[in-house]
Number of protein chains: 2
Amino acid sequence: MELDDRKLKILQAIIKNYLETGEPVGSRTISKYTDLNLSSATIRNEMADLEELGYIIQPHTSAGRIPTDKGYRLYVDTLMQEKVDEVNNMRDDLLEKADRMENLLQQVAKMLAANTNYATMVTTPKYRSRKIKFLQLTDVDEYQVLAVIVLEGNIVKNRMFRSDVALVKEDVLKLNLALNTFLQGLDIEEINIGLVQKLKTQVGAYQELVSEILDAIATAIQEEGDIRVYTSGATNILKYPELSDMNKARDILSTLENKEELTQFVENGDIKPDEKRGIQVYIGDENKVDSMKDCSVVTATYEIEEGIYGKVGIIGPKRMDYERVVGTLQNMMGQLDDIFKNKKP
Amino acid sequence: MELDDRKLKILQAIIKNYLETGEPVGSRTISKYTDLNLSSATIRNEMADLEELGYIIQPHTSAGRIPTDKGYRLYVDTLMQEKVDEVNNMRDDLLEKADRMENLLQQVAKMLAANTNYATMVTTPKYRSRKIKFLQLTDVDEYQVLAVIVLEGNIVKNRMFRSDVALVKEDVLKLNLALNTFLQGLDIEEINIGLVQKLKTQVGAYQELVSEILDAIATAIQEEGDIRVYTSGATNILKYPELSDMNKARDILSTLENKEELTQFVENGDIKPDEKRGIQVYIGDENKVDSMKDCSVVTATYEIEEGIYGKVGIIGPKRMDYERVVGTLQNMMGQLDDIFKNKKP
DNA sequence: TGTTAGCACTCCATAATGATGAGTGCTAAC
DNA sequence: GTTAGCACTCATCATTATGGAGTGCTAACA
């Protein structure tokens, strides 16, 4: 049996209707609301075929049909027409509140959640290597010193340290110089014990302080390598009855709260930010995260600079409005491109 | 009618039982599980009295009784015996992960949620005034400059700026000096237009940059004045059937997600961190936040240094295990005291 | 006077029953 | 190939019965 044009049209109609209502859709509905001019009986025959082909399924005998994962897949791959997103200038709103990367991303999550009525996630970009650009020690008072660590890509970290011995201004300057000569341009792996020893011989009374600082640098770099995830609109999940079942809801919400599992969507090797801005759709069982098996997740990839990517994700029921979501995401990716190209924040 | 000793004992028994089961409790249960040696009939008479006094209520005729808000209130005020918290050394776990304030507080929220099975919130401390201790400009490359702003209390903020004109190293140093002489020790209100103009006359070509920096300082101080709220264990709410009703759950969870309303618990004037470490209990309608009218919230106050407070809160059903929660909170406040006194992080 | 046993009564929860209606598959006719 | 018609299935909803938990009241008892 083949998927002829008519079958496709019927399938499309079924899915579209189901996306709207969430109820199984029957033959009479299709017969009335399409321009095919076919009786419900004919539609029934076609629907039987579509069921045999695995695109739709009956939740029980004598109920209408609902799409299977395979049906949804066909739909997002070939059948749907993307909607152009009407919310087109989010950019200004975005910039207004977002003075820093962290806030920007949180804001992106929030706006997407508000616009789509689904749950959203945004990951921080994943860097490949983190080298030390420079660091700077400043004495804050007699016993405290502030270390500002600047990593390649202008990531800035700061730590406050307390010294057991009183600090001498000139010594801090010297220490600063020594640390910079030794560490500038180094990656974390390159800071080995030999180097540390060598450095320590040069710093006299401040050995303790130096180890603390080195530790801090290590964790700072480490920390920046970690991907953080911001979420928003988690409670939107409860708007969809098929997910509001106590157990499902709890699972999904706690995944969103704990975030660790969400990074799985980033780790997916197949980033291709070229075509369609790297938008990918994971339907039901296609999700690797267990709690999401009843959801669909749409992810998009944003690029901060050459080779440095982060992901944006929308999490909703399988019957989510794919067209709108994809449109909104494409739009948002455009806005982000603008922002990062102009490097305003 | 008076609340005699026997009535108190019965009330206590009713509440205790209800805290455990969440089911209305009947006269026979009390008759069996207390050492009062009274028949169910006698208990019934007493219960009728207690109902008349407003401490308990019947959800419907011929059901057992459940405590009213007034009943709970009496219970937490006089009847309960605090449990000593068995989880007594959280301190080490806490320090391990918490290299910075932000992480520490997040971690506190997490641990409390794990220990209590309720939702938790932790607010950042509220400072009264924020003065500039010093700031430091560093040229990162030809067009970019990093400003590190250190506020009183060693709050460190950093911003990156881009200049339109190429930067000269000596100019940056001069700028640094000028900014510091003008701004050191100033509060945000003290940075007025007159001062800004005066400053601008001194900086030659960098007027643009200076306004940007001043803006950044203003928002940085502002930002630090804002109270942020960390939450954890929001999904624990769904473990309690009386809160799992779709609408209630959505309301509570979105309050937890959006956080704004939660700061109301901080704004409460009556902070008295002395007795009992400032633990306060808000039962049902005593909560100002609408979505929490079916919950109880227990808050505690931690003190970072003289006069600088933050709050920790536990949010659960009205039948929460008050004894345990209060115990756990007291313990946690102790741990935090330790940490802040020793100023490790 | 306080306590208790006994009994009628109330009301929730649960299961069983039946009616309704949406939707199907199949067959026969167009 | 398409359609009308019909018997059939099954979820949903309202209705009804049944059991049990718990009460309030009364009368008897210590």
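These numbers were taken from a predicted model, which means no experiment stands behind them. Residue numbers begin at 1 in each chain, while the letters A, B, ... track the order of the sequences. Hydrogens, waters and symmetry mates play no part in the numbers below; they use all other heavy atoms, side chains included.
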If I take atom NE2 in residue A:H60 and atom P in nucleotide C:dG23, what distance separates them, rounded to the nearest angstrom? 10 Å
Atom CD1 of A:I66 and atom C1' of C:dG23: how far apart are they, to the nearest Å? 15 Å
Using purine N1 to pyrimidine N3 plus N6-O4 or O6-N4 for Watson-Crick, or N1-O2 and O6-N3 for G-U wobble, both under 3.5 Å, which nucleotide pairs with C:dC30? D:dG1
Does any non-hydrogen side-chain atom of A:R319 lie less than 4.5 Å from one of A:E242? yes
Show, in sequence, the C-alpha distance, side-chain angles and deciding distance for B:Y75 and B:Y55, and conclude whether the ring pair (Phe, Tyr, Trp, His ring centres under 6.0 Å) test is met. CA-CA 10 Å; B:Y75 181 76; B:Y55 294 108; over 10 Å; no
Pairing check on C:dC7: which nucleotide meets the Watson-Crick or G-U wobble criteria with it, both distances under 3.5 Å? D:dG24
Side-chain donor or acceptor of B:S31 paired with backbone N/O of B:L38 under 3.5 Å: yes
Take atom CG of A:L36 and atom P of D:dG1, then tell me their distance rounded to the nearest Å. 17 Å
Report the distance from atom CG of B:D49 to atom P of D:dC25, rounded to the nearest whole Å. 12 Å
What nucleotide, of C:dT4, D:dT3, C:dT24, holds the atom closest to the side chain of A:M47? C:dT24
Between A:Q58 and B:E46, which is nearer to the 5' end of DNA chain C once each is assigned its nearest nucleotide? B:E46
Taking the side chain of A:R65 as heavy atoms from C-beta outward, which of D:dA11, D:dT3, C:dT24 is closest to it? C:dT24
In whole angstroms, the gap separating P of C:dG2 from CG of B:D5 amounts to 16 Å
Among C:dT24, D:dA21, C:dT4, find the nucleotide with the atom closest to the side chain of B:L38. C:dT4
Establish whether the base of C:dG6 is bridged to the side chain of B:R44 by a donor-acceptor pair shorter than 3.5 Å. yes
In this structure, how many angstroms lie between the P atom of D:dG22 and the OH atom of B:Y18, rounded? 14 Å
Measuring from the side chain of A:T61 (C-beta onward, heavy atoms only), which nucleotide among C:dG25, D:dC10, C:dT4 has the closest atom? D:dC10
Hey, does B:M47 have a side-chain heavy atom less than 4.5 Å from the side chain of B:E52? no
Is it the case that D:dT9 (base atoms only) and A:S62 (side chain only) share a donor and an acceptor within less than 3.5 Å, ignoring hydrogens and angles? yes
B:K318/B:D294 under salt bridge (charged side-chain N to carboxylate O under 4.0 Å, His left out): CA gap, chis, key distance, verdict: CA-CA 7 Å; B:K318 287 203 274 194; B:D294 291 304; 5.2 Å; no
Starting from C1' on D:dG1, measure out to CZ on A:R6 and report it in whole angstrom. 8 Å
Any side-chain N or O of B:S39 below 4.0 angstrom from OP1/OP2 of C:dT3? no
Please tell me which of the listed nucleotides, D:dT23, C:dA5, C:dG25, lies nearest to the side chain of B:S27? D:dT23
Rounded off to whole Å, could you give me the CZ-to-C1' distance for the B:R28 and C:dC7 pair? 16 Å
